[in-house]
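The structure presented is a predicted model; accordingly, all values stated were derived computationally and were not measured. The chains referred to below are lettered A, B, ... by the order of the sequence lines, with proteins before strands, and numbering in each begins at 1. Below, all heavy atoms of this structure are taken into account, side chains as well, without hydrogens, waters or symmetry copies.
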2 protein chains.
Amino acid sequence: MLMHNPPHPGEVLRELCLEPLGLSVTAAAEALGVSRKTLSAVLNGKAGISPEMAIRLSIAFDTSAESWLNQQSQYELWHAEQHRNELKVKKLVAA
Amino acid sequence: MLMHNPPHPGEVLRELCLEPLGLSVTAAAEALGVSRKTLSAVLNGKAGISPEMAIRLSIAFDTSAESWLNQQSQYELWHAEQHRNELKVKKLVAA
DNA sequence: TACCCTGTAACGTATCGGGTGTCAAAAGCA
DNA sequence: TGCTTTTGACACCCGATACGTTACAGGGTA
């Protein structure tokens with residue numbers, strides 16, 4: 001279980017892909033085939049990385065789509081875990 | 001990269017958790033704290049496993065929330081991969 | 001000044017997770 | 001054989017999200 005608040009994948013994307021290449025949001029969005037607004041939303045944590053976006057990133061940056069999607073899953077899971085105690089769930093098997 | 005069409009996580013959930021325990025959809029939904037329809041949709045592939053649902057499953061069946069979420073990611077990714085050639089993406093780094 | 005880049009807002013589209021309600025089929029029981 | 005209960009899938013509504021376009025405000029730079 002993750003203990004610390006993980007950064008949203010968009011932040012990682014900016015630091016690991018855009019900045020090293022000196023890419024502007026506009027230029028990167030154009031290359032990815034999405035609108036500037038869509039990429040901006042991802043970069044600023046307003047939107048998550050969808051499976052389609054993960055594939056776009058894997059093509060453009062020659063990376064693993066799974067890794068982007070897993071980062072997204074871990075990020076969402078961490079936030080969901082913060083409300084774990086609010087869920088009324090009965091254990092069906094012994095812990 | 002997955003080569004074969006993976007089953008939707010709901011199918012796995014039914015076979016690995018409900019059936020072994022002889023649980024009905026109604027009983028399982030009640031234990032999970034969701035409606036019958038919500039669980040039914042997941043079991044029949046009409047809905048995916050959300051982070052919240054993954055945590056519910058992890059509590060009820062003493063399993064790993066990550067594993068459920070990863071299954072869901074892999075499932076969505078496989079389907080997105082089927083349309084990879086439709087994406088107009090420019091490579092920004094050498095393959 | 002003029003131009004580019006960025007973030008953001010508004011609006012429309014489609015999809016999705018979740019809830020309530022309905023209903024036909026299945027199961028249980030007299 | 002019937003009747004009642006339960007079950008599970010479906011139809012519809014709601015809120016959130018992913019994506020698009022258009023437009024605007026602010027910052028940096030030539």
Could you state the atom-to-atom distance from CD of A:Glu30 to C1' of C:dC4 in whole Å? 14 Å
Which residues pass the side chain to side chain donor-acceptor pair (under 3.5 Å) test with B:Gln71, not counting sequence neighbours? none
If you walk 5' to 3' along DNA chain D, what is the first nucleotide with an atom under 4.0 Å of a heavy atom in chain B, and what is the last? D:dT7 to D:dC12
Check the pair A:Leu87, A:His83 against side chain to side chain contact (heavy atoms under 4.5 Å, CB included), reporting the backbone distance first and the verdict last. CA-CA 7 Å; A:Leu87 304 179; A:His83 305 95; 5.9 Å; no
Report all side-chain donor-acceptor pairs from residues 88-95 of chain A shorter than 3.5 Å, counting only partners two or more places apart or in another chain.
none

Which residues share a side chain to side chain contact (heavy atoms under 4.5 Å, CB included) with A:Ser50, sequence neighbours left out: A:Glu52, A:Met53
Suppose we screen for side chain to side chain donor-acceptor pair (under 3.5 Å). Which residues come up paired with A:Ser73, at least two apart in sequence or across chains? B:Ser73
Not counting sequence neighbours, which residues clear side chain to side chain donor-acceptor pair (under 3.5 Å) with A:Thr63? List them please. A:Trp68
Near DNA chain D, which residues from residues 19-27 of chain A have a heavy atom under 4.0 Å away? none
Taken in chain and number order and not counting sequence neighbours, the residues that satisfy ring pair (Phe, Tyr, Trp, His ring centres under 6.0 Å) with B:His79 are B:Tyr75
Using atom types as modelled, flag every donor-acceptor pair under 3.5 Å from a side chain in residues 25-39 of chain A to any protein atom, sequence neighbours excluded.
residue	atom	partner	partner atom	Å
A:Ser35	OG	A:Thr38	N	3.1
A:Ser35	OG	A:Thr38	OG1	2.9

What is the separation between atom CG on A:Asn44 and atom P on C:dT6, rounded to the nearest whole Å? 11 Å
Please write out the pairs of protein N or O atoms and N or O atoms of nucleotides 13-19 of chain C separated by less than 3.5 Å, giving the distance to one decimal.
residue	atom	partner	partner atom	Å
C:dG17	OP1	B:Gly48	N	2.8
C:dG17	OP2	B:Gly48	N	3.0
C:dG18	OP1	B:Ser50	OG	2.8
C:dG19	OP2	B:Ser35	N	3.2
C:dG19	OP2	B:Ser35	OG	3.4
C:dG19	OP2	B:Thr38	OG1	2.7
C:dG19	O6	B:Lys37	NZ	3.4

What side-chain donor-acceptor pairs closer than 3.5 Å can you find for residues 6-19 of chain B, not counting sequence neighbours?
residue	atom	partner	partner atom	Å
B:His8	NE2	B:Leu43	O	3.2
B:His8	NE2	B:Gly45	N	3.4

Partners passing side chain to side chain contact (heavy atoms under 4.5 Å, CB included) against A:Ser67 (at least two apart in sequence or in another chain): A:Ser64
